[in-house]
Chemist: 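Quick one: the structure is below, questions incoming.
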4 protein chains.
Amino acid sequence: MGRKKALTKEDVFKATREILMKEGLHGVHFKKLASKLDVGRSTLYEYFENKDDLLLAYMKTLMDEMNEKVEKIPSQIPPNEKLYELLKIILTHAQIHQIDQMIRELQSSNKQMASFFRDELHVDLMKTYDLMIQWIEEAMERELWSREMDSNLIGDLLFHSILLPSRNKIGVEELASQLFSMIENGVSLKKK
Amino acid sequence: MGRKKALTKEDVFKATREILMKEGLHGVHFKKLASKLDVGRSTLYEYFENKDDLLLAYMKTLMDEMNEKVEKIPSQIPPNEKLYELLKIILTHAQIHQIDQMIRELQSSNKQMASFFRDELHVDLMKTYDLMIQWIEEAMERELWSREMDSNLIGDLLFHSILLPSRNKIGVEELASQLFSMIENGVSLKKK
Amino acid sequence: MGRKKALTKEDVFKATREILMKEGLHGVHFKKLASKLDVGRSTLYEYFENKDDLLLAYMKTLMDEMNEKVEKIPSQIPPNEKLYELLKIILTHAQIHQIDQMIRELQSSNKQMASFFRDELHVDLMKTYDLMIQWIEEAMERELWSREMDSNLIGDLLFHSILLPSRNKIGVEELASQLFSMIENGVSLKKK
Amino acid sequence: MGRKKALTKEDVFKATREILMKEGLHGVHFKKLASKLDVGRSTLYEYFENKDDLLLAYMKTLMDEMNEKVEKIPSQIPPNEKLYELLKIILTHAQIHQIDQMIRELQSSNKQMASFFRDELHVDLMKTYDLMIQWIEEAMERELWSREMDSNLIGDLLFHSILLPSRNKIGVEELASQLFSMIENGVSLKKK
DNA sequence: TATGAATGAGTGTTCATTCAT
DNA sequence: GATGAATGAACACTCATTCAT
């Protein structure tokens, strides 16, 4: 409380993230945001056209943040190592998994801006997903990984690993390591 | 006005399932249910005390359905084969994954019936989860599976595999087969 | 639509009082209040969290108003004269008698604020009631009044005299005077 | 539970009385009545046209019961003794005090039957009230009681004594005795 | 007589959104 | 920019009442 400096979009995003993590998508509404930020409810409309606009903009920042890290993965390392790096990035950006849910809920809204933005988001999301698939197939081509497995299945598995509750128990590093090891080598002790 | 063949709880569950799959938990409200079933909104209250009651009863039927199948898994087969059977069951009961989400959202409600029901549900859910963990550890004891992997991680992976969108693309049977193969043998072609 | 001079809590209390007197507790609902005040129903929720909150806040103002007057009764006058002053105050605050009823009806609500407020109200109500009993007993100790009568009965009689419909016919002053005279001297003409 | 014998109006009145005493007028509705009586809700409509009809009929039985006792008061005893008897009758028919409240709530209903019935009730209520006033004035004429007091005030006091909570504490007999003694002789120890 | 089934009207409550200052 | 005030649309829930069997 005690707002003096002008409100920024970043302030709003920060508050949004906090509510989202504590109470889920359902708990995010302008009344709560406004009181958390100690501004009038209507003030938020100076920054965002409507709720969808806010949520989509928030998600965009998440995506951008993540994409930035993904782009930093060195291009010369082997594809499976790239995928390991990607897995770690995905696991540290846990909020990402809410995007699916949000996009579904936003289906009902018809605003033009929103739908435009939504498409853009989807493109970003897909870009990363496609990159991942590309690396998987590269691993197969180089005969590092078996072709028996559907590459989309592996991709989905990596992408949805953010949902695993174990993340909270054993930590991101350990989870990434164990999970990736399992994907590569399996758990069976029988000789292949 | 046209009085028709008495509505049944099953009718309501069916409509609930449809909405749940199309629009998510958020989309389930009595207005929509009522219009879908072509009855008055208040009619639903003759069958269910309140919204929580409806949702929990619905989830209970899902759990019961699934538990029944789980109990039919033969006890004499090796634990990893049991786990494969379990995986297939979990994948065919895709709605199950909504239970976690629902339970969390229902935390806020204080109705006695609901909280009683909620606990019961949780117990059922946990029973299956614990059984799964037990089988995993049995597989490790019998030296079928490696101990390097956290058993909870494997469990979570199996349990959350319902979320994988590939299910719709390649079908339950194929998904189960590929996923389980990957869990056991991994995708790497390098010799261990 | 016509935006007017900001609504105040006092406006709402005034409307509440009017409805309460005309139609009783049962007649107070947000729809009626809103239409009486010529605002939207939801506007009231900007001022009061919920119905209980409104009713309890309203009662609190009544209690405060009355308690303030009670505290002004001079302490040096004899107890029976104090009681006469108290009777007059009670009779001019006719709405007070609704508090008992309301408190009973509000038992069913579980809101925290409400229950907190309710307790506070009850304490205020009891404070005045206890003060009254104390004065009655003082009157007995000083041998102004007979001990034959249960002091709680006298207290209840004074407290519930607000319910006497005669108040409207003969006016507060006259009612207080006659009633108090009867309590002190009775109506019988036979010598004791 | 376990209804075999045909339902009677008396059964319904009994259940109504019980709910009324336990939960107040607000708690009386057909759903609760039906479940308490173990009959279908709609069955009640075979016995009473609507809710008002039921409540008014119930009140009528109360009035009849009371009037019957009032008529048994011997006519040869002095008026103040009659009034004492009347006070005891009133105090044992505590439910009577709900009539006022009910009548007020029923104002809103327009049904012809109801309004006819309501008037009849009022007449009965008034009959007793008028009788009481008549006795009070007789007591004044015979110079048993002082004329200083408004006879309506005395009447109201007797009539509304049912509301005194002390009734539960010290019992009807004692309450009647103390109250009547106070009305006749007052509490003051000063010589008149 | 009895009832199962259905319902409409009404009430409490939430929340995104608008608008004048 | 900022905000206080107001609001409408939507949803949960209750209850008296009707109607076909």
Side-chain angles (χ1 to χ4, degrees), chain A residues 3 6-8 26-34 37-54 109 111, chain B residues 1-8 26-34 37-54 109 111, chain C residues 1-8 26-34 37-54 109 111, chain D residues 3 6-8 26-34 37-54 109 111:
Chain A
R3 169 154 310 283
L7 186 67
T8 66
H26 199 75
V28 180
H29 45 248
F30 276 34
K31 202 174 187 177
K32 192 173 288 167
L33 268 174
L37 290 163
D38 200 29
V39 294
R41 232 179 309 171
S42 46
T43 304
L44 293 171
Y45 285 85
E46 298 294 325
Y47 294 81
F48 304 95
E49 299 225 333
N50 52 43
K51 197 187 172 184
D52 288 358
D53 188 29
L54 163 65
S109 92
K111 318 288 163 87
Chain B
M1 297 265 149
R3 239 157 270 274
K4 48 208 79 107
K5 306 292 142 233
L7 186 68
T8 67
H26 195 77
V28 181
H29 44 245
F30 276 35
K31 200 179 185 182
K32 191 172 287 167
L33 268 172
L37 290 163
D38 200 30
V39 295
R41 229 182 317 174
S42 52
T43 303
L44 293 171
Y45 286 89
E46 298 292 325
Y47 295 81
F48 302 95
E49 301 224 332
N50 52 45
K51 200 183 168 184
D52 288 0
D53 188 31
L54 161 63
S109 92
K111 320 284 165 89
Chain C
M1 298 264 150
R3 240 156 269 276
K4 47 207 80 105
K5 307 292 141 230
L7 187 66
T8 67
H26 195 76
V28 181
H29 42 247
F30 276 34
K31 198 180 186 182
K32 192 173 286 168
L33 268 172
L37 290 163
D38 200 30
V39 294
R41 226 183 325 166
S42 52
T43 303
L44 294 171
Y45 286 88
E46 298 292 325
Y47 295 81
F48 302 95
E49 301 224 332
N50 52 47
K51 201 184 169 184
D52 288 0
D53 188 31
L54 161 63
S109 92
K111 321 283 165 90
Chain D
R3 168 154 310 283
L7 186 68
T8 67
H26 199 76
V28 180
H29 46 248
F30 277 33
K31 201 174 189 177
K32 193 173 286 166
L33 269 173
L37 289 163
D38 199 28
V39 294
R41 233 180 309 171
S42 46
T43 305
L44 293 170
Y45 284 86
E46 298 295 324
Y47 294 81
F48 303 95
E49 301 226 331
N50 52 44
K51 197 187 173 185
D52 288 357
D53 188 29
L54 163 66
S109 92
K111 319 287 162 87

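So you know, we letter chains A, B, ... as the sequences are listed, proteins then strands, and number each from 1.
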Chemist: Looking only at non-hydrogen atoms, find the nearest pair between C/K51 and C/H29 and report the distance.
Modeler: CE-CA, 4.4 Å
Chemist: Please give, in whole Å, the distance from F/dA12 P to C/F30 CZ?
Modeler: 20 Å
Chemist: Answer whether the closest heavy-atom distance between the side chains of C/L54 and C/L44 falls below 4.5 Å.
Modeler: no
Chemist: Which nucleotide, E/dA16, F/dA2, F/dC11, lies nearest any side-chain atom of A/H29?
Modeler: E/dA16
Chemist: Does B/Y47 make a side-chain N or O approach to OP1 or OP2 of E/dA6 shorter than 4.0 Å?
Modeler: yes
Chemist: Let's see if you can work this out: which of F/dG1, F/dC11, F/dC13 has an atom nearest to the side-chain heavy atoms of B/K31?
Modeler: F/dC11
Chemist: Round to the nearest Å and state the distance from D/H26 atom NE2 to F/dT14 atom P.
Modeler: 11 Å
Chemist: Among the candidates E/dT7, F/dA16, E/dA2, find the nucleotide nearest to the side-chain atoms of D/E46.
Modeler: E/dA2
Chemist: Could you tell me which non-hydrogen atom of A/L7 sits nearest to which non-hydrogen atom of A/Y47, and how far apart they are?
Modeler: O-OH, 2.9 Å
Chemist: May I have the distance from B/L7 (atom CG) to F/dA20 (atom P), rounded to whole angstrom?
Modeler: 19 Å
Chemist: Can you tell me if the side-chain N/O atoms of C/K51 get under 4.0 Å from OP1 or OP2 in E/dG12?
Modeler: yes
Chemist: For B/R41, which residues count as a side chain to side chain contact (heavy atoms under 4.5 Å, CB included) partner, sequence neighbours excluded?
Modeler: B/F30, B/K31, B/A34
Chemist: Counting heavy atoms from C-beta on, name the nucleotide in E/dG12, F/dA2, E/dA16 closest to the side chain of C/R41.
Modeler: E/dG12
Chemist: Measure from the side chain of D/Y45, starting at C-beta and using heavy atoms only, and say which of F/dT17, E/dT17, E/dA5 lies closest.
Modeler: F/dT17
Chemist: Can you tell me how far P of F/dG1 sits from CG of A/L37, to the nearest Å?
Modeler: 17 Å
Chemist: Please give, in whole Å, the distance from E/dT17 P to A/L33 CG?
Modeler: 13 Å
Chemist: Write out the stems for DNA chain F, ordered by first number and formatted as range with range, counting runs of at least 3 consecutive Watson-Crick or G-U wobble pairs under 3.5 Å.
Modeler: E:2-21 with F:2-21
Chemist: Under 4.0 Å between a side-chain N or O of D/S42 and OP1 or OP2 of E/dG4?
Modeler: no
Chemist: Whole-Å distance between F/dA12 P and B/L54 CG?
Modeler: 10 Å
Chemist: What is the distance, rounded to the nearest whole Å, between atom CG of A/L44 and atom C1' of F/dA2?
Modeler: 11 Å
Chemist: Given E/dA6, F/dA6, E/dT1, identify the nucleotide with an atom nearest to the side chain of C/T43.
Modeler: F/dA6
Chemist: Which value, rounded to the nearest 0.5 Å, describes the distance between D/L33 atom CG and D/T43 atom OG1?
Modeler: 12.0 Å
